[in-house]
Amino acid sequence: MKTSFKGMSAVGMFALILSACNNSDTVAPLNVPPGPLLSGAVFTGNDNPVADAKVRVFPADYLPQPEDALGKRSAVASTPVLTHTNGKGEYVITGLSPGLYNILIESSGLASWRDSVSVAVDSTVVPADTLRPVGAFTGKLAIQPFDDPRNFQLQIQGSPFIALPDPKAGFVFAGMPQGRYRVRVSATGSGYRTAVFSAQVSAGGKDSAAQAWEPPYTGIPTVKGLTVTLDTLHGLARISWRAANFPRLANYVLERTPYFVSSLQVPPYYGSQYSLPSIRLGAVDTVWIDTIYPQHHTVTVYSPTTGTYTYDTTGLVDTTSYPLTYRIAIQDLSDNQGAFFDKVSVVAVSPSRVTTAINFGADSTSILYTQVGERGVVKVRFANPTRKVVQLAWEDKKGQVLRKQAYHDSAGLDSLSFTAPDTVGNKFFRVLITDDAGTVWKDSLSLPVVAWKRLADRPIAAYNHAGSFPVEMPVAALNDKLYTFGGSGADPHGASAAFDPATGKWTSIAEAPILGDPILAAGQIFMTSEEKLTAYDPVQDKWVEKPSWPFSRSIYHPGPNVVFQNKIVAFAISSYSGYYYYSNGSSAYYDIDANQSVNRGYINYMFDGSVIFPGRSKIYWSDNSFRLQDYDPETNATSSVGSMPNTYSPYQFLGEMNGFNYFLAGNAIMEIFDMDRETWTSAPAPQISGAFTSPYVTVTTPQSTYQFLNGKLYALWESAPNRINVEVYDPGVRTWSHASAIYSQGDRFVSTVVSGKLYVLSYYDKSSPQADSLPALYEYPPLP
């Protein structure tokens with residue numbers, strides 16, 4: 001139950017006064033004669049009394065000063081009275097003169113505010129107050145642009161609250177109890193009248209003024225909101241501005257540079273004495289129409305035959321473009337002029353020089369070309385700087401109208417769905433845009449229609465082979481030919497074959513003694529297994545066995561091989577210990593970790609996401625913590641390069657192009673390593689859904705391969721059975737584009753680049769009923 005002071009005896013009241021005085025920081029001076037008593041009580045929201053709460057009483061006419069805002073006490077006679085509540089949340093203040101007072105009570109971030117309390121000649125008991133969380137109030141002053149907002153102060157009369165605006169005229173009242181306040185805004189200099197604004201603060205809230213507070217300005221205000229809209233079709237400029245709230249306004253002084261345009265002179269001012277109408281456009285309510293061009297001249301012709309005059313008003317068309325600058329000021333009733341502040345510069349383009357920009361594109365990612373029979377969307381963006389577009393029409397190559405669309409805007413986007421023809425060639429589109437001057441703007445787009453070219457099937461059946469980690473059919477490009485290894489049946493190696501694009505024929509070649517990831521080095525194709533290394537010599541069509549690896553390399557987890565300066569660097573995983581060896585391709589092997597304090601667990605390649613890749617003069621690898629290291633074979637030394645840019649997902653090394661190494665980091669981002677600067681940049685990843693895969697190791701869904709061709713990166717992936725999607729990354733614009741898909745024969749595929757063309761071999765998984773079918777070979781059409 002909240003305490004009341006009603007009915008308290010004189011003795012009890014005196015005891016309460018003594019208790020309050022003993023708990024106060026500042027009380028009325030001791031020499032102040034006894035006077036009216038002000039008493040009250042303070043509680044929390046759940047009716048608990050608040051002990052030792054700070055209670056300050058301010059005369060209603062008290063004005064806080066800047067030093068009060070800094071926590072300093074003023075030395076003036078009207079210093080607020082300060083006391084604290086006792087253990088029951090009660091307080092008593094004496095020594096006050098009769099009058100109106102405001103009461104501010106604070107405790108631990110909670111506060112209450114009571115204004116206009118009337119203190120009589122005897123005792124005054126204030127109803128109990130409830131403390132609530134303090135809030136804040138923010139706003140902004142609207143003053144003349146050339147005035148410094150720091151010359152203003154905002155005071156809440158009868159309180160300690162004061163705010164000083166920042167350089168941008170914003171202000172903040174912090175630590176405010178809930179309530180409604182009257183804020184006095186005044187300037188330290190001349191030119192403004194003091195104004196009072198209302199502020200509402202909620203408990204614990206962050207309230208703000210609905211609009212900027214504008215103290216009355218006593219000088220001639222500047223004009224704001226100056227805008228210019230050009231209409232070159234009619235040779236007009238519409239100049240508009242916000243009307244000034246200035247009772248002594250006589251004229252608006254409007255100036256233009258240059259003052260003369262052609263033979264026309266613009267009046268330098270526009271005021272109330274002119275009969276030109278004022279046009280209201282929302283907040284913009286004063287408009288001046290400026291004639292830019294001489295529209296025509298009148299020619300008088302006398303005809304002796306008829307004895308009459310004729311008038312030719314077609315005249316001459318102005319072909320000049322004009323740079324114009326407008327500025328505006330106010331002139332008062334005493335012919336005093338305010339300052340020019342706002343100005344707008346524009347270029348009035350001649351009607352004969354207006355152009356419409358038309359930009360063609362196709363699909364959401366700008367299709368390079370379309371596949372035979374596929375559906376697509378072609379789009380056009382248009383923009384006219386000064387005229388409205390009234391109609392857009394699509395036509396085919398024969399001039400037949402495909403669709404018309406009405407518009408009434410100076411810019412827009414239109415699209416047209418289409419189906420590509422069933423034959424290779426071009427799909428032609430023409431767009432015609434008509435503006436409100438009757439001018440027709442044309443542009444056209446010829447979209448290549450292509451198809452993957454199916455070549456002769458591989459004469460030897462093949463599919464990925466049995467085992468816990470199925471191995472894709474190895475494929476490699478060497479000496480302008482495509483080499484494939486492995487067959488079908490119980491023998492996982494089987495016969496191999498080479499394809500010559502020049503003749504379009506397959507040739508059987510020597511069977512590979514082992515089957516693995518093909519490595520190109522020193523003009524040969526190398527294959528590796530647990531301990532063996534063998535090389536195919538295409539000139540002699542035979543395999544040459546190299547010395548065995550001096551360490552164990554699992555066929556399922558052999559560790560990565562890197563071709564560096566035409567040599568093979570092999571990273572072994574022997575019991576996942578991460579030993580590294582360097583092979584010069586002959587009979588010598590070197591432990592590159594010798595005498596180096598390097599963690600031998602760096603290259604747990606298949607399990608911890610570490611990645612190894614070659615540079616120009618070094619080999620790089622990352623460890624389990626994605627720290628990037630390099631190794632120099634010439635000096636047999638390692639050093640730290642920094643960190644990989646992503647640590648949340650494994651990396652897949654895609655290859656090198658123009659001095660940059662490309663990686664997929666998970667499925668959402670592509671990371672690019674600059675080998676010269678040893679720096680990283682990020683780029684979008686292709687739109688492949690699911691995990692990425694590494695060729696010749698475990699296959700996940702969807703299967704994907706990556707090839708570099710003509711300065712671009714190609715991503716190929718299975719989006720559906722018998723369909724291989726193709727996306728192309730252009731480093732110049734850092735974006736991916738869709739290219740035509742392959743409607744393939746099998747459910748597995750491999751790819752390679754031979755002589756500047758992309759080839760794909762499609763075949764079946766071992767579990768497929770068609771597993772013994774011959775692999776289909778596709779050649780991708782070259783990019784335009």
Side-chain angles (χ1 to χ4, degrees), residues 63-66 69 137-157 161-173 181-199 208-229 238-257 268-273 278-288 324-346:
L63 283 177
Q65 300 302 313
F137 187 85
T138 63
K140 190 172 184 179
L141 296 182
I143 60 177
Q144 295 301 301
F146 44 75
D147 284 332
D148 189 345
R150 291 170 293 186
N151 292 331
F152 291 77
Q153 63 181 9
L154 295 87
Q155 304 160 296
I156 297 180
Q157 189 168 307
F161 301 115
I162 185 170
L164 304 176
D166 59 31
K168 294 184 178 180
F171 63 86
V172 178
F173 284 103
Y181 300 88
R182 298 175 73 247
V183 184
R184 181 178 184 269
V185 179
S186 60
T188 57
S190 61
Y192 292 87
R193 293 196 304 271
T194 298
V196 176
F197 300 90
S198 178
S208 60
Q211 58 188 13
W213 290 351
E214 186 173 1
Y217 182 61
T218 59
I220 302 177
T222 57
V223 180
K224 301 176 182 178
L226 184 65
T227 61
V228 177
T229 303
R238 170 178 287 175
I239 301 94
S240 58
W241 56 90
R242 290 201 296 270
N245 183 17
F246 181 54
R248 290 177 52 80
L249 187 148
N251 304 308
Y252 288 101
V253 178
L254 179 64
E255 289 189 357
R256 184 184 70 189
T257 305
Y269 59 88
Y270 161 61
S272 57
Q273 70 269 38
S278 176
I279 303 175
R280 287 194 169 273
L281 298 173
V284 181
D285 63 2
T286 307
V287 177
W288 171 266
L324 305 173
T325 297
Y326 294 89
R327 64 177 189 167
I328 192 169
I330 289 176
Q331 190 177 58
D332 67 10
L333 296 174
S334 301
D335 293 333
N336 298 313
Q337 182 176 310
F340 289 104
F341 178 77
D342 205 359
K343 68 178 181 180
V344 177
S345 296
V346 294

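By convention here, the first residue in the shown sequence is residue 1.
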Glu214 side chain vs Ala212 backbone, donor-acceptor pair below 3.5 Å: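 Here the side-chain-to-backbone pair does not exist.
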Under 3.5 Å: donor-acceptor pair, side chain of Thr188, backbone of Asn151: yes
Contacts of type side-chain hydrogen bond (donor to acceptor under 3.5 Å, both in side chains), residue [X], not counting sequence neighbours:
X      : result
Gln157 : none
Ser345 : Thr325
Tyr181 : none

Please list, chain by chain and in numerical order, all residues satisfying side chain to side chain contact (heavy atoms under 4.5 Å, CB included) with [X], sequence neighbours excluded.
X      : value
Gln144 : Phe146, Asp147, Tyr192, Tyr217, Pro221, Thr222
Ser208 : Thr138
Val344 : Leu226, Val228, Val346
Pro165 : Leu141, Pro149, Phe152, Leu154

Test item: Arg193 and Pro215 side chains (from C-beta on) under 4.5 Å apart, heavy atoms: no
Ring pair (Phe, Tyr, Trp, His ring centres under 6.0 Å) involving Phe173 - partner list, sequence neighbours excluded: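 Checked Phe173 against ring pair (Phe, Tyr, Trp, His ring centres under 6.0 Å); zero matches.
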Set of ring pair (Phe, Tyr, Trp, His ring centres under 6.0 Å) partners for Phe137, sequence neighbours left out: Trp213
Please tabulate, one pair per line, all N/O donor-acceptor pairs under 3.5 Å involving side-chain atoms of residues 333-340, not counting sequence neighbours.
| from | atom 1 | to | atom 2 | distance (Å) |
| --- | --- | --- | --- | --- |
| Ser334 | OG | Arg248 | NH2 | 2.8 |
| Asn336 | ND2 | Asp332 | OD2 | 3.4 |

So, taking the atom named [atom1] in [X] and the one named [atom2] in [Y], what distance separates them when rounded to the nearest 0.5 Å?
X      : Y      : atom1 : atom2 : value
Lys224 : Ile328 : NZ    : CD1   : 14.0 Å
Leu164 : Gln153 : CG    : CD    : 6.5 Å
Ile330 : Leu249 : CD1   : CG    : 5.0 Å

Nearest heavy atoms of Ser186 and Gln155, plus distance in Å: OG-OE1, 4.0 Å
Phe341 to Pro145 - nearest heavy-atom pair and separation: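 The answer is CZ-CB, 3.0 Å.
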Listed partners of Arg327 passing salt bridge (charged side-chain N to carboxylate O under 4.0 Å, His left out), at least two apart: Glu255
By salt bridge (charged side-chain N to carboxylate O under 4.0 Å, His left out) - contacts of Arg150 (at least two apart): Asp148
